[in-house]
*Asks:* 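Have a look at the structure that comes next, please.
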Amino acid sequence: MKINLSVKIGKIKLKNPVMTASGTFGYAEEFNDFINLKRLGAIVTKTVTLKPHIGNLPARTCETPSGMLNSIGLENPGLEVFLKSKLPFLKKLNIPVIMSIASIGSPEEFIELAKRLNKVSAVDALELNISCPNIIGEKTLISQECEATYKTVSSVRKATNKTLITKLSPNVTCISDIAKAAQSAGSDAIALINTLSGMSIDIEKRAPKLKAVTGGLSGPAIRPVALKMVWEAYNNIKIPIIGMGGIMDTPSALEFLIAGATAISIGTANFINPKATIEIIDGLSEYLKRKKIKSAEELTGSLSHEK
Amino acid sequence: MLQIKARIISNKRCKGNYRHCIVNAKSLAKASNPGQFLNIRVSDGLKPFLRRPFSVHNINGSNLEILYEVAGEGTKLLADKNPGEYLDIIGPLGHGFDCRQEANRQTILIGGGIGIAPLLFLSRKIKSKNKIALIGARTKSQVLCEKEFRSLGCDVKIATDDGSAGFKGRVTALLKKVLQANRPTGQQVTIYACGPRSMLKAVCSIAMQNNIPAQVSLEEHMSCGIGACLGCVIKTRKGLERVCKEGPVFNREDLTWGKNEN
Ligand SMILES: Cc1cc2nc3c(=O)[nH]c(=O)nc-3n(C[C@H](O)[C@H](O)[C@H](O)COP(=O)(O)OP(=O)(O)OC[C@H]3O[C@@H](n4cnc5c(N)ncnc54)[C@H](O)[C@@H]3O)c2cc1C
Ligand SMILES: Cc1cc2nc3c(=O)[nH]c(=O)nc-3n(C[C@H](O)[C@H](O)[C@H](O)COP(=O)(O)O)c2cc1C
Ligand code: FES
């Protein structure tokens with residue numbers, strides 16, 4: 001049986017639904033020794049800002065039960081260096097490159113970034129990171145308010161013809177309201193979830209394990225929360241969903257697709273098993289064959305309520 | 001960088017809480033340089049969640065050795081592994097010691113506690129005939145690798161906190177003594193060090209006072225070990241650098257030891 005793994009997100013076609021999660025895959029070079037990068041459905045870069053950004057002070061990560069906290073704080077070399085020294089490698093891979101972007105301070109930066117990237121052909125899509133919990137001094141995230149989400153997404157929409165993905169935070173009261181706001185502002189797809197806000201304490205020192213005190217929780221610990229949010233969003237919006245949060249292997253990837261995700265992102269799992277993405281691509285094929293399902297698309301939202 | 005499944009040849013207690021593990025890993029053994037490390041998955045499950053980093057302690061043909069201290073959950077699980085079992089290892093990682101020094105220089109290797117681990121492999125690779133190994137430990141029963149360094153032709157000196165073997169006091173105090181004794185010879189010296197942060201900081205300041213080059217191997221909590229997560233950064237004079245990629249070995253001139261550094 002011929003299995004069709006390809007899916008569409010906005011204007012881009014992915015040969016399979018497996019992509020990388022921003023910030024967990026560097027700029028892909030880091031994984032070149034371990035896997036054939038060309039097999040990935042798409043690559044999402046570490047978030048890039050207009051100017052170089054130094055991020056937070058260490059300690060920046062700590063291990064937690066079935067997961068980890070991070071407070072990297074969007075360390076990145078800035079747009080110019082990205083274009084000059086990171087993008088050429090990505091371009092050569094000949095797979096869709098999704099560039100994650102964020103603004104630090106003024107939301108105008110998003111517009112500036114989108115305008116400048118609109119002419120860069122090696123970038124296939126933009127992912128708006130309006131959900132990073134690690135920017136010190138910012139009390140609320142854009143993606144925690146419907147109105148701010150709508151405003152930001154629609155202003156970027158006007159500045160770019162590229163496929164636009166909006167990445168949402170799970171630290172909200174009602175995820176589907178935010179997802180709807182992004183949809184009506186013209187986003188082509190939704191990515192969720194970013195990390196859940198959390199903290200951890202060293203009881204000997206009675207000090208926080210992270211220098212920034214709080215950070216973002218990722219890994220299997222957040223999977224049930226992420227899954228429920230994907231399912232809820234799926235029931236309320238029409239645009240495709242890129243699901244993530246604690247996917248470690250094929251079964252967990254399948255859960256997200258069945259709940260309503262069109263594609264999935266592998267994040268923290270890359271740290272434990274750098275081959276996770278490829279193993280999942282192969283695993284999805286095998287599952288579809290075994291279940292006699294012709295295409296990955298048929299899986300999306302195929303959750304059956306009857307027992 | 002490779003990811004392989006390596007068969008355990010032996011995994012035994014050597015001293016106190018220290019253990020010595022030998023795995024068969026030809027490709028890794030070939031590719032490794034002194035000061036580089038391995039990121040080992042100690043459990044197939046989620047507990048502990050992340051891999052654990054260990055220095056390459058020695059290479060023997062296609063066998064690779066690590067020397068480790070049972071420090072917590074992960075190393076306890078590692079200690080429970082039996083010969084014949086397989087370990088999922090990523091490596092060799094990071095930037096190790098640069099030991100292309102001239103053969104006529106004096107080499108001082110200085111290790112505190114388990115920090116001795118990467119220095120044995122290093123000592124095998126150093127061409128210089130004039131090698132001194134300073135081994136620091138809490139007490140006599142915890143002195144590591146004395147015989148091994150001797151058999152590699154090192155002049156071995158020991159420092160214990162309680163004086164039960166060798167010099168009584170810190171290994172850094174012993175370092176000062178050795179440098180003083182060496183001064184009349186006028187010979188050029190290079191220092192290589194690994195151990196607790198406070199020891200390394202002291203080594204760097206002694207090296208600076210004596211105008212001697214020093215390379216030290218640092219530790220930081222690691223999530224990926226391959227440069228992707230930006231979790232293990234420290235502040236250096238070149239900016240933020242990743243301990244797992246630009247390190248773990250740094251030149252003393254590049255380190256700031258700033259208050260917020262670790
Ligand atoms: C580059 C590098 C090389 C290393 N080489 C060796 C080696 O050759 N032999 C050896 O015994 N140990 C080595 N370590 C330290 C070793 O990784 C830790 O002792 C180990 O991860 C502890 O795991 P655990 O689950 O047993 O302990 P945990 O329960 O996780 O912690 C026990 C103690 O170890 C500390 N610790 C945990 N992870 C790290 C870490 N990544 N770095 C430093 N301290 C940590 C914790 O803060 C705690 O105090 C190295 C560390 C690094 C970064
Ligand atoms: C170390 C680390 C850094 C991250 N950096 C970013 C980032 O720069 N931009 C972003 O949108 N998400 C970032 N994330 C969030 C992930 O992309 C993902 O949304 C989250 O980790 C949940 O997926 P996971 O459980 O599979 O890791 C980061 C996550 C981790 C663990
Ligand atoms: S541990 Fe991830 S960058 Fe060093």
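Values below: all heavy atoms of this structure, side chains included; hydrogens, waters and symmetry mates excluded. Quick note on labels: first sequence line is chain A, next is B, and so on, each numbered from 1.
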*Asks:* With a 4.5 angstrom heavy-atom cut-off, could you sort out which part of A:S66 is near chain B: side chain, backbone, both or neither?
*Replies:* both

*Asks:* Check whether any side-chain heavy atom of B:F49 lies under 4.5 Å from a side-chain heavy atom of A:P65, and answer yes or no.
*Replies:* no

*Asks:* Tell me whether A:F89 at atom CZ has more than 12 heavy atoms from other residues, nucleotides or ligands lying less than 6.0 Å away.
*Replies:* yes

*Asks:* List the steps, then state whether side-chain contact (heavy atoms from CB on, under 4.5 Å) holds for A:N32 with B:M1.
*Replies:* CA-CA 9 Å; A:N32 199 27; B:M1 293 188 289; over 6 Å; no

*Asks:* Could you have a look at B:L240, B:L46, B:L230, B:I226 and say which one has the most heavy-atom pairs with chain A under 4.5 angstrom?
*Replies:* B:L230

*Asks:* Please rank A:E29, A:M248, A:E75, A:R60 by heavy-atom pairs under 4.5 Å with chain B and give me the top one.
*Replies:* A:R60

*Asks:* If we only count heavy atoms from C-beta on, is the B:M222 to A:T61 side-chain gap below 4.5 Å?
*Replies:* no

*Asks:* With a sphere of 6.0 Å drawn around CZ of B:R237, does it hold more than 12 non-hydrogen atoms of other residues, nucleotides or ligands?
*Replies:* yes

*Asks:* Could you give the distance from NE2 (B:H221) to CG (A:L210), rounded to the nearest 0.5 Å?
*Replies:* 11.0 Å

*Asks:* Report which part of A:F31 has an atom under 4.5 Å of a heavy atom belonging to chain B: side chain, backbone, both, or neither.
*Replies:* side chain

*Asks:* How far apart are the C-alpha atoms of B:Q3 and A:N273, what are their side-chain angles, what is the distance that settles it, and do they pass the side-chain contact (heavy atoms from CB on, under 4.5 Å) test?
*Replies:* CA-CA 9 Å; B:Q3 182 184 13; A:N273 176 15; 3.4 Å; yes

*Asks:* Tell me, side chain or backbone of A:K275 under 4.5 Å from chain B's heavy atoms, or both, or neither?
*Replies:* both

*Asks:* Step through the shown structure and confirm whether more than 12 heavy atoms of other residues, nucleotides or ligands are within 6.0 Å of CZ on B:R170.
*Replies:* no

*Asks:* Below 4.5 Å, heavy atoms only, C-beta onward: do B:C229 and A:T24 meet side chain to side chain?
*Replies:* no

*Asks:* With a 3.5 Å distance limit and no angle check, can you tell me whether B:R41 reaches the backbone of A:I272 through a side-chain donor-acceptor pair?
*Replies:* no

*Asks:* Would the number of heavy atoms belonging to other residues, nucleotides or ligands and lying under 6.0 Å from NZ of B:K81 be above 12?
*Replies:* yes

*Asks:* Pick one of side chain, backbone, both or neither for A:S71, based on which atoms fall under 4.5 Å of a heavy atom in chain B.
*Replies:* neither

*Asks:* Can you name the nearest heavy-atom pair linking A:M68 to B:S223, along with the distance?
*Replies:* CE-OG, 3.3 Å

*Asks:* Please lay out, stage by stage, how A:E63 and B:K47 fare under the test salt bridge (charged side-chain N to carboxylate O under 4.0 Å, His left out).
*Replies:* CA-CA 10 Å; A:E63 191 176 45; B:K47 206 170 177 267; over 6 Å; no

*Asks:* What's the verdict on side-chain contact (heavy atoms from CB on, under 4.5 Å) for A:F271 and B:R51, showing C-alpha distance, side-chain angles and the deciding distance?
*Replies:* CA-CA 8 Å; A:F271 303 161; B:R51 286 172 181 268; over 6 Å; no

*Asks:* Please classify the contact of B:L2 with chain A as side chain, backbone, both or neither, using a heavy-atom distance under 4.5 Å.
*Replies:* backbone

